[in-house]
There are 2 protein chains.
Amino acid sequence: MTAAAMKFTHVDCGDCPIRHRAVCARCDGDELDRLNEVKYYRSFQAGQTVVWSGDQMDFVASVVSGIATLTQTMEDGRRQMVGLLLPSDFVGRPGRDTAAYDVVATTDLVMCCFRKKPFEELIRTMPNVSQRLLEMTLDELDAAREWMLLLGRKTAREKIASLIAIIARRDASLKLHENNENVVVDLPLTREAMSEYLGLTLETVSRQISALRKDGIIQIQGKRHITIPAFDRLLEEAADDSDGGYLV
Amino acid sequence: MTAAAMKFTHVDCGDCPIRHRAVCARCDGDELDRLNEVKYYRSFQAGQTVVWSGDQMDFVASVVSGIATLTQTMEDGRRQMVGLLLPSDFVGRPGRDTAAYDVVATTDLVMCCFRKKPFEELIRTMPNVSQRLLEMTLDELDAAREWMLLLGRKTAREKIASLIAIIARRDASLKLHENNENVVVDLPLTREAMSEYLGLTLETVSRQISALRKDGIIQIQGKRHITIPAFDRLLEEAADDSDGGYLV
DNA sequence: CGAGCTTTTGAACAAACTCAATTTCTGTGG
DNA sequence: CCACAGAAATTGAGTTTGTTCAAAAGCTCG
């Protein structure tokens with residue numbers, strides 16, 4: 001177990017880093033106490049599979065730290081990522097006991113888990129949980145639909161630009177740099193993972209990243225660090241709405 | 001207003017055709033009475049736009065009869081359908097007052113509407129509604145993710161076969177013909193609408209439908225009627241899981 | 001019957017893929 | 001500390017799939 005994983009073995013809900021964004025966001029003190037009693041932490045190393053599609057899944061969980069992916073696989077091996085799970089995101093579906101997707105830890109990962117049965121009971125009895133879960137699910141549905149537009153209609157270059165913009169924006173909502181200039185992003189995905197997300201081959205991903213670099217839209221340090229000298233120019237390349245999706 | 005539209009101007013919830021599948025599915029008699037008081041019907045003709053993306057949307061609704069589509073449009077006019085709304089499906093998002101997508105009636109359409117504010121109150125006070133809505137939203141999220149796989153990884157031929165299979169299956173769940181042979185489907189979409197759904201051009205849609213016909217996978221009567229002589233062969237062409245997705 | 005659709009079909013073209021060879025990075029052991 | 005092995009990423013050349021542009025054929029409804 002890594003140091004990062006150790007850290008979250010016994011955290012009180014009140015001190016939890018995802019307290020205000022996760023499924024428990026609206027709970028009051030008493031409700032948190034109830035959650036505290038039944039929750040437990042699980043840690044995974046980068047690359048580890050959390051569950052395989054089709055397997056029994058008797059828990060639901062929130063991502064506390066790290067990144068995980070949801071992926072669908074076809075019989076002949078073609079793969080499509082259908083979700084990117086960042087801290088505070090929720091995994092698992094109440095009312096279903098088999099995983100519908102592969103869940104893979106992309107980085108070291110800590111999850112805050114609940115056994116499914118007790119969680120379903122919580123949903124019935126704690127409206128603050130079920131309503132927050134509804135809200136999060138609606139957000140995810142919006143994100144999935146935005147991704148459908150990307151997959152169905154965007155060019156390879158636009159796809160790459162969109163992915164970088166999305167990750168930068170999610171980063172930003174944590175770090176709160178409102179800046180347009182020299183935004184720095186840490187890409188947590190391999191080229192292959194990006195290709196699985198974007199519906200491309202990894203070669204095309206690599207070529208388009210190189211092209212964006214040559215055109216001065218992005219700068220690359222080392223393997224996974226990206227600087228965006230002018231964020232609005234990246235958004236133009238992404239062909240997103242003029243507002244840059246900040247409304248969503 | 002068409003005859004079909006007239007029919008649903010004053011229906012009691014107890015007699016509603018989508019009673020057992022819609023957002024009200026779990027409500028008891030008293031709860032239905034409450035809904036009855038505040039609901040109202042709206043009808044649209046085939047081709048009419050229900051709401052434009054970005055417009056004020058002060059109601060939510062269930063599709064009672066007919067078909068509607070949810071579509072996203074990019075600034076340069078590229079369009080991607082992100083949802084196909086069949087009877088019992090829900091439109092609108094509690095907690096948001098601007099439409100995120102164009103909603104268009106593909107056939108004559110009747111919707112059962114609630115003004116947004118009262119509906120948000122219903123959600124707070126009637127767990128049977130909010131929990132059913134959560135369940136339906138989770139189903140939609142699964143459907144969106146299945147669509148992401150189609151958009152990102154399937155070939156044009158597989159996309160067409162998948163679309164026909166999905167419509168046939170949805171039809172089947174109403175008509176309950178368990179049969180594998182000579183399934184008859186009524187395609188409610190133009191080639192253009194199909195292309196917007198599948199992330200293709202309408203020419204490619206037309207070509208692939210012709211190809212499937214030449215290969216004996218489907219037969220076409222008139223413009224929009226399709227017979228599927230062997231449903232399992234269609235599923236093979238769709239490259240879906242062997243179970244044909246009946247689990248989802 | 002003919003105007004205005006939708007749909008089909010054809011031919012040339014472009015974007016992304018496949019296969020293959022390098023190059024760059026990372027971490028490990030000498 | 002350097003060299004080297006293995007993984008990740010880049011680059012190139014040729015091919016495939018689906019698009020674009022254009023024209024013709026079918027339907028539908030005044």
Side-chain angles (χ1 to χ4, degrees), chain A residues 2 45-47 74 76-80 104 106-108 150-164 186-215 218-226 237 239, chain B residues 2 45-47 74 76-80 104 106-108 150-164 186-215 218-226 237 239:
Chain A
T2 67
Q45 290 183 307
M74 291 169 67
D76 62 4
R78 281 176 281 178
R79 291 167 64 81
Q80 175 65 49
V104 179
T106 290
T107 63
D108 286 351
L150 177 145
L151 291 172
R153 292 300 177 200
K154 289 192 178 179
T155 65
R157 170 183 262 244
E158 289 168 347
K159 286 178 175 182
I160 296 288
S162 298
L163 177 64
I164 296 173
D186 190 22
L187 263 192
L189 302 172
T190 64
R191 298 287 182 266
E192 184 174 33
M194 289 187 236
S195 74
E196 288 180 2
Y197 207 171
L198 300 172
L200 298 170
T201 59
L202 67 87
E203 293 95 329
T204 299
V205 169
S206 183
R207 272 185 252 274
Q208 295 300 332
I209 289 181
S210 297
L212 287 175
R213 183 174 49 69
K214 276 172 199 147
D215 295 347
I218 59 174
Q219 289 153 12
I220 300 180
Q221 291 87 36
K223 201 147 89 182
R224 303 254 175 102
H225 266 277
I226 291 186
E237 295 292 342
Chain B
T2 68
Q45 290 184 306
M74 291 169 68
D76 62 5
R78 281 176 280 177
R79 291 168 63 81
Q80 175 65 49
V104 179
T106 290
T107 63
D108 284 352
L150 176 144
L151 290 172
R153 292 301 178 199
K154 289 191 178 180
T155 65
R157 169 183 264 244
E158 289 167 346
K159 285 178 175 182
I160 297 287
S162 299
L163 178 64
I164 296 173
D186 190 22
L187 262 193
L189 302 173
T190 64
R191 298 287 182 267
E192 185 174 31
M194 289 187 236
S195 74
E196 287 179 3
Y197 207 170
L198 300 171
L200 297 170
T201 59
L202 66 87
E203 294 95 330
T204 299
V205 169
S206 183
R207 273 184 251 274
Q208 295 299 333
I209 289 181
S210 296
L212 287 176
R213 183 174 49 68
K214 275 173 198 145
D215 295 346
I218 59 174
Q219 291 152 11
I220 300 180
Q221 291 88 37
K223 201 148 91 182
R224 302 251 174 104
H225 266 276
I226 291 186
E237 294 292 343

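Residue numbering restarts at 1 for every chain, and letters A, B, ... go by the order of the sequence lines.
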Degree of bending, the helix from C:dC1-D:dG30 to C:dG30-D:dC1 (end axes from five pairs; round to 10°): 30°
Where protein sits on nucleotides 6-21 of chain D, one letter per nucleotide: B base, S sugar-phosphate only, - none, heavy atoms under 4.0 Å: --SSBBBB----SBBB
Side-chain donor/acceptor of B:Asp186 to backbone N/O of B:His225, under 3.5 Å: no
Residues which pass side-chain hydrogen bond (donor to acceptor under 3.5 Å, both in side chains) with B:Gln208, listed by chain and number, not counting sequence neighbours: none
For B:Glu158, all residues meeting salt bridge (charged side-chain N to carboxylate O under 4.0 Å, His left out), sequence neighbours excluded: A:Arg78
Distance, nearest 0.5 Å, that separates NZ of B:Lys214 from CZ of B:Arg207: 10.5 Å
Side-chain donor or acceptor of B:Asp108 paired with backbone N/O of B:Ala46 under 3.5 Å: yes
Partner residues of B:Arg153 under the side-chain hydrogen bond (donor to acceptor under 3.5 Å, both in side chains) criterion, sequence neighbours left out: none
Atom-pair distance (CZ on A:Arg78; C1' on C:dA16), nearest Å: 15 Å
B:Ser206 side chain vs B:Leu202 backbone, donor-acceptor pair below 3.5 Å: no
Summary of side chain to side chain donor-acceptor pair (under 3.5 Å) pairs that have at least one residue in residues 189-198 of chain B, sequence neighbours excluded: B:Arg79-B:Glu196
